[in-house]
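The shown structure was predicted, so the numbers you read here are calculated from the model rather than taken from an experiment. Letters A, B, ... mirror the listed sequences (proteins, then strands); counts begin at 1.
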Amino acid sequence: MITRTRYNPKDIEQKWQARWEASNQYHAPDDSPLPKYYNLMMLPYPSGDLHMGHWYNYTPADAFGRYKSMNGFNVMQPIGFDAFGLPAENAAIKRGVQAHDWTLANIERMRKQMKIIGTRWDWEREIISCLPDYYKWTQWLFLQFYKNGLAYHTKAPANWCPSCNTTLANEQVLADGTCERCGTRVIRKEIEQWLFRITKYADELLKFDGLEWPEKTVTMQRNWIGRSEGAELRFYVDFDGKREEVPVFTTRPDTIYGATFFVLAPEHPWIQKLTTPDQQAAVDAYIEQASHMTEIERLSTEKEKSGVFTGGYVTNPISGEQVPVWVADYVLMSYGSGAIMGVPAHDERDFEFARKFGIPIRQVVLPEGEEPSDPATWTEAKIAHGRLINSGQFDGTPAEDALKAVTAYAEEKGIGEHRVIFRLRDWLISRQRYWGCPIPIVYCPEHGTVPMPEDQLPVILPEHVQFKSTGESPLRYEPDFVNTTCPICGGPATREADTMDTFMCSSWYFLRYADPKNSEAAWSAEAIKRWEPVDQYIGGAEHATMHLLYARFFIKALRDMGHLNFSEPFTRLFHQGMVLGPDGQKMSKSRGNVEAPDGYVDKYGTDTVRCYMMFIGPFDAGGSFKAENLEGVWRFLNRFWSVITENWDATTTIEDDSSESRAIERLRNKTIKRVTEDVSNFRFNTALAALMECNNVMIKQQNEPVAKSAAYRRTLETMIQLLAPMAPHITEELWEVTGHPESVHLSTWPTYDEEKTKDENFTLVIQVNGKVREKIEVPSDISEEDVRKIALDNPRVASFIGENTIRKVVYVPGRLVNIVATR
RNA sequence: GCCGGUGUGGCGGAACGGUAUACGCGUCUGUCUCAAAAACAGAUCCCGCAAGGGUUGGGGGUUCGAAUCUCCCCACCGGCACCA
């Protein structure tokens, strides 16, 4: 017997965390003979305090890593900090501290808080993206992209946040046209900037073969990439006998004869060429107005089409017809060619536009089973495909051939071709910010844009700068940084003062974890071969179209450059849900429903908070944080503690074959099965429920003779192991107390015997016409004849059958029998 | 508008097409206590004295049998949003 003690989480947790750290138990060695398992969670931004969301992400993810480790894997579970970014800069401006100091102090604080979670992180592999030994390689990667033509510098309209004073990637502008970070209205601004040619990989990024990713995320990425198949067709104008072409992209080349107008985006370079003198003023006014329009205003007038006639005409290359050219802001310069053919009969938007401006509508497609009708009577465009009419030589072409026929004709005549385009735009990585990774580029009056030689990396970001109250990047006013010499000629030159989007840092950090201390290279081939790709990635769904897309792009590009030999970074992906406040609303300071974990850890200990996080509900569903529900988990852990400490007796070895003993052994096997299946599928809530049930039975039996059996003792032991991933400290203590010299986390996950999970008896449910009428305990190996006999002989059952004739008897072995009886 | 997801007691949530409501919270009753808390024991979907009947957002279908499959509708959540 063990001397009875009370469960005291504080002492236990401190004790074990110290021991784990001292023994470096969670370092994943590079030379282990065990198969590797790379269990990754998204690295945090060092905001300064760990909140419930962090706990909700890390706790189940850690339980999974521990489970894998107990199953014989060399689990690598690293952590680090995504340490560049705007909040540090804002804090610097607001509080007069340096972003560098603020960030490192936050990391220090967070690291302490993170250790309290009791997570099996391999701190030896920690990376901090804002330190030169990391960002040196981010810069090196930039140079590789540059050398391979995947990074380019250009002046182009960009999303500009006037409050953050920086450009934003498309992915960082919200649907309502505001800045993702500060909510300010984003405007468009022409600016010199660096872009990454992610569009080159658009097609490959659409493939998700072999990935176990949430269907939702795959769909979101597919939609974001937005592949469209169609044709480019070139309309033309003859200027003084000289023919010039204006291409359009269309997914419906079959409707070419229905093009009754032509539209240019307000930024289209052809507008001035086509505008007639009498329309000049109107066109100028329209363009002026469109350029001042913010995204929000465009959206608010979403339903109402606007536009202006240029007075000019272009010729339809297939029908030879001249069509009027309009300018309208529903055509986007950034998609396709910035020009469209308007086919009002068969496109909703064109229909609306033609209706508003009195442009003729001509039907050229006849959907299956319809007769031609007067478009003036229509209330909407006919989108459906069909047989072509009013289409000259194409008349009568059936729906299935129409697209190909027109495209083939255009190709033959040299006036167009089949084409695939994407909604995905190139990734804008320039940020007009200070606290980011410097772009290793120098501008020389003599040699232009010059990449820094690799052996001169890193380009060091100054740690102390003078902040501007405007929020403007102080970096461009740092003479020591900006003024430099040209790597080619040694003459005076200017350094690029923009820094990189922080998504650059997080697009490759999971590679660095494999070889975090390498000072010769970003990684070694051996390290990559050993650890990559990531087996399991766990993090928020908000990164579906940003981080997760950029990282995939990085890996594919680096593969093609010869730096890697795999194509997908994350084999399995899981998105945890969101923890909400007690009111079911998103936690926010303004709502006043923010719950910090610290107080609860103080009161109940880490293990209770961990288990509670997993017990709230399905891991991908999230849920409300309700403090009163912690009580239940707390009681469970206390009962767990006492049932083991009060009943543990290592000397009990009675292998009796009583039915009670067999029942306990069955419970043990069943529980192993349930917990194993649940944990491996991230169903921690039901795994804990299974353990609670098992615990409840053990408590019920503790004063019975069976508590002296070996089966009972074994079950106590098994329970400790099964709970270990979720509650690593209490189980470690109990494992020690029950006489095991080695850490429970280094023990081998218990296995079960399928035979021993089977009940000796079961409750036979007898239904009459699908309704439950009787329940009888019967032996599991009962024959069907016996079941039928029992069922039909049962007086209650008989009374429900009454005068009716038995039509059918359905027997589901081990469960129920259903007697179908009608008149 | 388009795409995806969800809808089960007072609450969080369980249920290979087969006993709906496991596990936990809360509530009620009891034990202990001068008392309270904690702990422990029991009860707890609805109607009905009972027999019985009803119940998984609403309506239909498939099936011996549907929370589960299928169709339509409603509500909520997430994503995209004039992408030609």
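Contact check, A:Arg635 against B:rG26: a side-chain N or O comes under 4.0 Å of OP1 or OP2. Dashed line: the shortest gap from a side-chain N or O of A:Asn638 to OP1 or OP2 of B:rA38 is not under 4.0 Å. Of the side-chain N and O atoms in A:Ser228, one or more sit less than 4.0 angstrom from OP1 or OP2 of B:rA84.
Aromatic pair A:Tyr7/A:Trp634: ring centres closer than 6.0 Å.
Counting distance only, with no hydrogens placed and no angle test, the side-chain atoms of A:Asn818 and the base atoms of B:rC64 include a donor-acceptor pair under 3.5 Å. Put simply, the side chain of A:Lys305 and the base of B:rC82 share a donor and an acceptor less than 3.5 Å apart.
Paired with A:Trp326 under the rule ring-ring contact (aromatic ring centres under 6.0 Å, His included), one option of A:Phe309, A:Tyr286, A:Phe262, A:Phe261 passes, and it is A:Phe309. The side chain to side chain donor-acceptor pair (under 3.5 Å) test with A:Arg668 singles out one residue from A:Thr715, A:Thr757, A:Thr718, and that residue is A:Thr718. A ring-ring contact (aromatic ring centres under 6.0 Å, His included) with A:Phe625 is found for one member of A:Tyr56, A:Tyr600, A:Trp55 and no other, namely A:Tyr600.
Counting non-hydrogen atoms under 4.0 angstrom, A:Arg674 reaches nothing in the nucleic acid. Counting any heavy atom pair closer than 4.0 Å across all strands shown, A:Phe800 reaches sugar-phosphate atoms only and no base atom.
As rounded to whole Å, 12 Å separates atom P of B:rC40 from atom NZ of A:Lys700. When the P atom of B:rA37 is taken as reference, atom NZ of A:Lys603 falls 15 Å away, rounded to whole Å. The nearest whole Å value for the distance from the CG atom in A:Asp620 to the C1' atom in B:rC77 is 14 Å. One interatomic measurement links the two molecules: CZ of A:Phe762 to P of B:rG18, which rounds to 15 Å at whole-angstrom precision. A:Ile699 places its CD1 atom 14 Å from the C1' atom of B:rC23, with the value rounded to the nearest Å. Taking atom OH of A:Tyr604 as the reference point, atom C1' of B:rA38 lies 12 Å away to the nearest angstrom.
Between A:Glu321 and A:Arg362, at least one side-chain N (NZ, or NE/NH1/NH2) sits under 4.0 Å from a carboxylate O, which counts as a salt bridge.
Across all strands shown, B:rG10 pairs with B:rC25; the Watson-Crick or G-U wobble distances both stay below 3.5 Å. For B:rC64, the paired nucleotide is B:rG18, the pair qualifying as Watson-Crick or G-U wobble because both relevant distances are below 3.5 Å. Base pairing of B:rA35: no nucleotide in any strand meets the Watson-Crick or G-U wobble criterion (both distances under 3.5 Å). The partner of B:rC45 is B:rG54, by the rule that a Watson-Crick or G-U pair needs both atom distances under 3.5 Å. Shown here, B:rC40 forms a base pair with B:rG30; the pair counts as Watson-Crick or G-U wobble because both key distances fall under 3.5 Å. Nucleotide B:rC80 forms a Watson-Crick or G-U wobble pair with B:rG1, both donor-acceptor distances falling under 3.5 Å.
Between A:Tyr811 and A:Gly814 the shortest heavy-atom distance is OH-N, 3.7 Å. Residues A:Val331 and A:Gly338 share a closest heavy-atom pair of CG1-O, 3.5 Å.
Rounded to whole Å, the C1' atom of B:rG30 lies 41 Å from the corresponding atom of B:rU6. The separation of B:rA22 from B:rA14, taken at their C1' atoms, amounts to 5 Å, rounded to a whole angstrom. B:rG52 and B:rG48 have their C1' atoms separated by 8 Å, given to the nearest Å. Comparing the P positions of B:rC3 and B:rC73 gives an interatomic distance of 12 Å, to the nearest angstrom. Atom name C1', nucleotides B:rA15 and B:rC45: the rounded distance is 16 Å, in whole Å. Using C1' as the reference atom, B:rU56 and B:rA67 are 5 Å apart when rounded to the nearest Å. For the P atom pair drawn from B:rG10 and B:rC2, the interatomic distance equals 35 Å after rounding to whole Å. As rounded to the nearest Å, B:rA66 and B:rU19 have P atoms that lie 11 Å from one another.
The glycosidic torsion of B:rG9 lies within 90° of 0, which places this base in the syn conformation.
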